[in-house]
Amino acid sequence: MALYGARTEYILHSLLWLVDNPEPVSSLDLAELQEIPAAFIAKLLPKLEKAGLLTAVEGLRGGYKLGRTAEEISVLAVVDAVEGPKDLFNCQEIRSRCALFDQRPPEWATQGVCEIHGVMLRAEQAMRRELAQVSLADLARSVRDKAPSPFLGEAQSWFDERIQTRRTSKVRQRKRLNIS
């Protein structure tokens, strides 16, 4: 079982679309662009807003924008906001349950941090350090370097068209309501 799963992956991919987008992006647009369930994304974005990583913009052209610069948002901050505190390892203190101890483990067996737990703690710290060192800007740069240049323009056009469609749809709804 993975420590971090689909929620983290979906959110990181979604945030990458916000890095260079000057306009707020709706959760529905983020979901549809990536073929992610809309309800799933809509449930996760408020967690990022609460953590100060996103800002919600209300209104016809509303949606979400980064709450800080992409350089200031680490992958670790995103993971912590989405997943909450998660330990890599949960030590069960098995070292104190040896049959030879007859229910009374000697001090040498239980003294200090369990060696296995210690290794796992160091691994977790190393993982968290790595996640803290990588920013959304770093990830976005990698994607930009990898993608053919027309793709990014096509993506921006897609978002622009969605904003226009939302505006047009709202205007049409109002006109229908006034006519009735």
Side-chain angles (χ1 to χ4, degrees), residues 1-89 120-170:
M1 183 166 142
L3 178 63
Y4 304 125
R7 293 186 303 186
T8 297
E9 186 176 7
Y10 286 152
I11 281 299
L12 284 168
H13 278 282
S14 295
L15 291 178
L16 291 178
W17 291 109
L18 302 181
V19 170
D20 292 320
N21 201 324
E23 297 292 325
V25 178
S26 76
S27 61
L28 181 60
D29 290 350
L30 287 170
E32 287 186 11
L33 178 67
Q34 301 172 93
E35 298 181 352
I36 298 170
F40 189 74
I41 272 297
K43 183 172 69 173
L44 295 174
L45 294 176
K47 291 181 176 192
L48 297 171
E49 182 183 7
K50 185 177 179 182
L53 304 178
L54 290 181
T55 301
V57 178
E58 293 188 25
L60 190 55
R61 298 177 74 107
Y64 287 94
K65 295 180 81 162
L66 294 180
R68 301 184 214 155
T69 66
E71 290 80 12
E72 296 174 308
I73 300 175
S74 70
V75 173
L76 180 62
V78 175
V79 167
D80 285 348
V82 171
E83 300 287 347
K86 260 188 184 176
D87 293 327
L88 182 62
F89 181 72
M120 296 299 189
L121 285 172
R122 289 190 302 277
E124 180 178 352
Q125 290 166 351
M127 178 188 69
R128 291 182 66 77
R129 269 192 309 274
E130 179 65 23
L131 294 176
Q133 290 176 3
V134 178
S135 71
L136 279 181
D138 296 329
L139 291 177
R141 221 176 346 270
S142 294
V143 169
R144 277 194 306 268
D145 290 349
K146 185 178 181 179
S149 54
F151 175 74
L152 300 174
E154 291 169 13
Q156 189 58 53
S157 295
W158 188 89
F159 280 117
D160 293 344
E161 184 179 309
R162 298 294 295 211
I163 289 171
Q164 186 62 35
T165 301
R166 274 188 292 175
R167 194 182 77 192
T168 304
S169 296
K170 293 285 185 187

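Hydrogens, waters and symmetry mates are skipped; everything else that's a heavy atom, side chains included, is used.
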Check your understanding: Yes or no on side chain to side chain contact (heavy atoms under 4.5 Å, CB included) for Leu30 and Leu45, after CA distance, side-chain angles and deciding distance?
Key -> CA-CA 10 Å; Leu30 287 170; Leu45 294 176; 4.2 Å; yes
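- What you find for Glu124 and Lys86 is that their closest heavy atoms are OE2-O, 3.6 Å.
- In this structure, CD on Gln125 lies 8.5 Å from CZ on Arg122, to the nearest 0.5 angstrom.
- Under the 4.5 Å side-chain criterion, counting only non-hydrogen atoms from C-beta, Val75 is not in contact with Leu136.
- Put simply, the side chain of Val78 does not reach to within 4.5 Å of the side chain of Thr8, judged on heavy atoms.
- Side-chain contact check for Val134 versus Leu76: every heavy-atom pair is 4.5 Å or farther apart.
- Between the CD1 atom of Ile73 and the CG atom of Leu15 there is a distance of 7.0 Å, given to the nearest 0.5 Å.
- You'll find the side chain of Trp17 stays beyond 4.5 Å of the side chain of Val25, heavy atoms only.
- Smallest separation of non-hydrogen atoms from Ala81 and Leu48: CB-CD2, 3.6 Å.
- Pairing each heavy atom of Leu16 with each of Ala140, the nearest pair is CD2-N, 3.6 Å.
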Exercise for review: With side chain to side chain contact (heavy atoms under 4.5 Å, CB included) as the test, would you mind laying out the steps for Arg162 and Leu33 before giving the verdict?
Suggested key: CA-CA 10 Å; Arg162 298 294 295 211; Leu33 178 67; over 6 Å; no
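- Taking CZ from Arg68 and CG from Leu54, the interatomic distance works out to 10.0 Å, rounded to the nearest 0.5 Å.
- A donor-acceptor pair shorter than 3.5 Å cannot be found between the side chains of Asp160 and Ser157.
- Distance check, rounded to the nearest 0.5 Å: CH2 of Trp158 to CD of Glu32 gives 6.0 Å.
- Lys65 places no side-chain N or O within donor-acceptor distance of the main-chain N or O of Leu18, the cut-off being under 3.5 Å.
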Exercise for review: Give the C-alpha distance, both sets of side-chain angles, the deciding distance and a yes or no for side-chain hydrogen bond (donor to acceptor under 3.5 Å, both in side chains) between Asp138 and Ser135.
Suggested key: CA-CA 5 Å; Asp138 296 329; Ser135 71; 3.2 Å; yes
Practice item. Given side chain to side chain contact (heavy atoms under 4.5 Å, CB included), test Gln133 with Glu130 step by step and report yes or no. Key: CA-CA 5 Å; Gln133 290 176 3; Glu130 179 65 23; 3.9 Å; yes
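- Here the side chains of Arg128 and Ser74 are not in contact, with every heavy-atom distance at 4.5 Å or above.
- Asp87 has its side chain out of reach of Leu121: every pair of non-hydrogen atoms, C-beta onward, lies at least 4.5 Å apart.
- Atom CZ of residue Arg144 and atom CG of residue Leu139 lie 10.5 Å apart, to the nearest 0.5 angstrom.
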